[in-house]
There are 2 protein chains.
Amino acid sequence: MEPPATRRRVTIVDVARHARVSVTSVSKVLRNAYGASPEMQTRVRRAIEELGYRPHAGARALRGQTYTIGVMLPDIRNPFFPEILDGITASLEETDYQVLLGPGCNGENEEARVTEAMIDRGMDGLVLVAPVSSRAHLEHVGTAIPTVVVGRHGSSPAYDTVTDDDFEGAALVVSHLAGLGHRRIAHIEHHETDPTRLAEMPNARRADGYRQAMRVHGLEEWIDVVSTSYTQQGGYQGVRELLSRPAAARPTAVFAGADIVAIGALQAASEAGLSVPGDMSVAGYDNTTFAAFDPISLTSVDQAGQEMGRNAVRLLLERISDHGRPSAKVTLSPSLVPRRSTARPAE
Amino acid sequence: MEPPATRRRVTIVDVARHARVSVTSVSKVLRNAYGASPEMQTRVRRAIEELGYRPHAGARALRGQTYTIGVMLPDIRNPFFPEILDGITASLEETDYQVLLGPGCNGENEEARVTEAMIDRGMDGLVLVAPVSSRAHLEHVGTAIPTVVVGRHGSSPAYDTVTDDDFEGAALVVSHLAGLGHRRIAHIEHHETDPTRLAEMPNARRADGYRQAMRVHGLEEWIDVVSTSYTQQGGYQGVRELLSRPAAARPTAVFAGADIVAIGALQAASEAGLSVPGDMSVAGYDNTTFAAFDPISLTSVDQAGQEMGRNAVRLLLERISDHGRPSAKVTLSPSLVPRRSTARPAE
DNA sequence: GTGAAAGCGCTAACAG
DNA sequence: CTGTTAGCGCTTTCAC
């Protein structure tokens, strides 16, 4: 089966000729720019319609905008991130902007490859969700192109920031569990050593929030953090480690730093013959659809991902239209969603 | 905090000047084109390195390639699709190509918006995963730009195709359940009315495969298809409907057309007080990480998503380098992964 | 083997 | 309000 040949693209010149106007006028109509009479507008729009014209983004990139927003998600498998994405795409739906995503990244090198690819493709703005890159790289990106960093603490003049109050979110979980009567509450965190990330990444803030809340509730002596990673595997290993201890040192409740971690934690508990919440309470973070899944029914912290996405777009569009405006930071408040995976500890 | 000003980009002219050669030579080195001496190559590469030059994709788009591959995924929440994506990105890792994803689509209009945006951005090739668009639109896309359609049956001269043998996959499930002694095996499908999609979409093929396999096993009289959708909600509704029947007409096993459907099915069974597999066996399709999750342990069909992605890239690169080559179709064989959610029916 | 120059489709400065 | 035109950064003839 021979593939059919491709036809030449319709250009702005074709439209201008067909509408019997200049290319400038067509360009103005395309960009809703000032200085095109209503009748000219309708003529041009009709010609565009009739010819099926669409502007070539590459050509636009050389002179102006491409009407493209790049979004970088760290892990497409983590069910929390689609929420942010939904907020972003919904906000952009009625505009001329198009969203394109980078493929999942794990590590600074891949992030750099993706962000640079987006810059090279003349994108008008970037939304970076929970990037792990160094502060210096983020500022490099923010300097080259309007950028919003989502889900990372610490602000910069070079980019805007939208974040959840992870410190408070962790406190909500600890308060909930302490209120149920738990004392030995353990936390499974994503291991972090880099000093910048230790200060800025959500996982580090959740661990800090956990420690602080434990102190506030007078549970200082039970502070118990297991360092693995924010993956299913990390949760599994974390609970295995907790269960390998002498019975008296085992926690009655586990606060997993993310729902995906809680999944692995539940798996390890199940394999060890423990019932949840009978033998052990488990709480997560992100309030993903998985947490709401009835047979699991995981207590979790809701971060309002869509709201984060909407805010990111608002800031980004503001900055695109005014490159000079001072950088801004938006912090949203999380809320706890109690479900059946947490209950009073056994006597 | 005032954002710092952006510097002018390094261009090919800067590189040429710095290396004391012509822009033509630099261009040749960039594209590994014929006609550049080894010493010229090293000089140019050194200049590129020293200046931190990266070619502007928009400018390239006007004359040649952009080294960008667009991937359209139908639903970022379905955990099967990341597998395909992994196969794609892994195959492209060592090349100069960059992958960009379209945001999740639901419906023909959104798909058209995304595919056209990708064409307008001068992408070199497209991988469309389980698109719902009309055949005509797919051919329109395939005519404009090298395209591989993944997970959809029916081939075309305008694009290449990679697909799983969904018909066989469904048969594997039915054979497994029939082998366990089940007679009343129900199937939850994604409702489809469009004639093209009825012939080409995987969900329709799975339903056909189910019916055919039931006949082969002499279970014709128990054929029982519930039409909902390939979502968690669809699975939930499907089982609710099955359970609303008189006891004698209820199935002892349910074949959900996708793991995400099985999730909802399990939820409905759980709410109805049924144990799985004690009171009802449940099987899915896609072998997602969720299926392997121990507390669930869902019997499922493995589609080798990464293999699909790798094949898609291979076909795409072939076609990019030879637009005229006849279109190809690759069909992969699925395999069954039995787990604890299926067992012999109760007496 | 190397380089000068045309031109891809668009935007924006400028002239009318 | 409308049109002419230079030029964005690159690839690609076509001379040399």
Side-chain angles (χ1 to χ4, degrees), chain A residues 6-44 47-48 51-68 96 116 119-124 144-145 320, chain B residues 6-44 47-48 51-68 96 116 119-124 144-145 320:
Chain A
T6 72
R7 294 190 315 282
R8 196 182 69 83
R9 236 188 121 87
V10 178
T11 75
I12 199 172
V13 179
D14 299 322
V15 175
R17 199 150 38 205
H18 190 257
R20 301 181 176 287
V21 299
S22 72
V23 289
T24 310
S25 305
V26 179
S27 178
K28 281 186 172 172
V29 173
L30 285 176
R31 293 174 289 117
N32 301 308
Y34 175 79
S37 61
E39 49 193 320
M40 156 93 41
Q41 300 224 10
T42 46
R43 272 177 75 177
V44 171
I48 289 175
L51 297 178
Y53 167 76
R54 297 192 317 265
H56 187 292
R60 291 182 130 180
L62 250 38
R63 301 297 280 161
Q65 302 189 46
T66 57
Y67 299 93
T68 312
D96 287 334
E116 291 184 342
I119 294 171
D120 296 345
R121 279 153 188 78
M123 295 197 175
D124 298 333
I145 172 179
I320 287 172
Chain B
T6 74
R7 294 191 313 283
R8 194 181 69 83
R9 232 187 124 88
V10 177
T11 76
I12 198 172
V13 179
D14 300 322
V15 174
R17 198 150 36 205
H18 191 257
R20 302 183 173 288
V21 298
S22 73
V23 291
T24 312
S25 305
V26 178
S27 177
K28 282 186 172 171
V29 173
L30 285 177
R31 292 172 291 115
N32 302 307
Y34 176 80
S37 61
E39 51 193 317
M40 153 103 23
Q41 300 225 8
T42 46
R43 272 176 76 179
V44 170
I48 288 174
L51 298 177
Y53 167 75
R54 294 191 319 262
H56 188 291
R60 292 182 128 180
L62 249 40
R63 301 293 289 171
Q65 302 189 48
T66 58
Y67 299 94
T68 312
D96 286 335
E116 292 184 339
I119 294 171
D120 297 344
R121 279 153 188 78
M123 295 196 177
D124 299 332
I145 171 180
I320 287 173

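Worth knowing before you read on, the calculation uses all heavy atoms, side chains too, and leaves out hydrogens, waters and symmetry mates. Chain naming here is simple, since letters A, B, ... match the order of the sequence lines and numbering starts at 1 in each. No experiment lies behind these values; they were computed from the predicted model shown.
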Trainee: Check whether any side-chain N or O of Ser25(B) sits under 4.0 Å from OP1 or OP2 of dG3(C), and answer yes or no.
Mentor: yes

Trainee: In whole angstroms, how far is the P atom of dC8(D) from the NE2 atom of His56(A)?
Mentor: 19 Å

Trainee: Start at the 5' end of DNA chain C and walk down; is the nucleotide closest to Val21(B) or to Ala59(B) reached first?
Mentor: Val21(B)

Trainee: CG of Leu51(B) versus P of dG9(D): gap in Å, rounded?
Mentor: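 Result: 14 Å.
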
Trainee: Specify the separation, in whole Å, of atom CZ of Arg17(B) and atom P of dT2(C).
Mentor: 20 Å

Trainee: If you find the nucleotide of DNA chain C closest to Arg20(B) and the one closest to Leu62(A), which residue's nucleotide is nearer the 5' end?
Mentor: Arg20(B)

Trainee: How about Arg121(B) and Thr68(A): does a side-chain donor come under 3.5 Å of a side-chain acceptor?
Mentor: yes

Trainee: In this structure, how many angstroms lie between the C1' atom of dC10(C) and the CD atom of Gln65(A), rounded?
Mentor: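 For the pair Gln65(A) CD and dC10(C) C1', the rounded distance is 13 Å.
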
Trainee: Using a cut-off of less than 4.0 Å, is there contact between a side-chain N or O of Tyr67(B) and OP1 or OP2 of dC10(D)?
Mentor: no

Trainee: What's Ala36(B) touching, base or sugar-phosphate or nothing? Going by heavy atoms closer than 4.0 Å.
Mentor: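 Ala36(B): backbone/sugar contact only, no base atoms under 4.0 Å.
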
Trainee: Side chain of Thr11(A), heavy atoms from C-beta onward: which of dG9(C), dC10(D), dT2(C) has the nearest atom to it?
Mentor: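 Of dG9(C), dC10(D), dT2(C), dG9(C) is nearest to the side chain of Thr11(A).
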
Trainee: Round to a whole Å and report the spacing from NZ of Lys28(B) to C1' of dT13(D).
Mentor: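 One finds 10 Å between C1' of dT13(D) and NZ of Lys28(B), rounded.
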
Trainee: Considering just the side-chain nitrogens and oxygens of Ser27(B), establish if one lies under 4.0 Å of OP1 or OP2 belonging to dT11(D).
Mentor: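 Yes, Ser27(B) has a side-chain N/O under 4.0 Å of OP1/OP2 on dT11(D).
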
Trainee: Would you mind reading off the distance between Arg43(B) atom CZ and dG1(C) atom P, rounded to a whole angstrom?
Mentor: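 After rounding, the reported distance stands at 16 Å.
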
Trainee: Looking at dA6(D), I'd like to know if its phosphate oxygens (OP1 or OP2) sit under 4.0 Å from a side-chain N or O belonging to Arg63(A).
Mentor: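 Result: no.
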
Trainee: May I ask you to evaluate whether Arg60(B) reaches the phosphate of dT11(D), defined as a side-chain N or O under 4.0 Å from OP1 or OP2?
Mentor: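 Result: yes.
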
Trainee: Walk me through it: do Arg31(B) and Asp96(B) pass the test salt bridge (charged side-chain N to carboxylate O under 4.0 Å, His left out)?
Mentor: CA-CA 10 Å; Arg31(B) 292 172 291 115; Asp96(B) 286 335; over 6 Å; no

Trainee: Side-chain N or O of Tyr34(A) versus OP1/OP2 of dC1(D): is the shortest distance under 4.0 Å?
Mentor: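 Answer yes for this pair, as a side-chain N or O of Tyr34(A) is under 4.0 Å from OP1 or OP2.
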
Trainee: Do Gln41(A) and Lys28(A) come within less than 4.5 Å of each other through their side chains, counting heavy atoms only?
Mentor: no

Trainee: Determine the contact category for Ser37(B): base if any of its heavy atoms lies under 4.0 Å from a base atom, sugar-phosphate if only primed atoms, P, OP1 or OP2 are that close, otherwise nothing.
Mentor: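 Counting heavy atoms under 4.0 Å across all strands, the contact made by Ser37(B) is with sugar-phosphate only.
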
Trainee: Identify whether any heavy atom of Thr24(A) sits under 4.0 Å from a base atom; if not, whether one sits that close to sugar-phosphate; answer base, sugar-phosphate or nothing.
Mentor: base

Trainee: CD1 of Ile12(A) versus P of dC8(C): gap in Å, rounded?
Mentor: 14 Å

Trainee: To the nearest 0.5 Å, tell me how far Tyr53(A) OH sits from Leu30(A) CG.
Mentor: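 Answer rounded to 0.5 Å: 5.0 Å.
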
Trainee: Return yes if a side-chain donor-acceptor contact under 3.5 Å exists between Thr24(A) and Ser27(A), otherwise no.
Mentor: no

Trainee: Grab the CG-P distance between Asp14(A) and dC10(C) for me, whole Å please.
Mentor: 9 Å

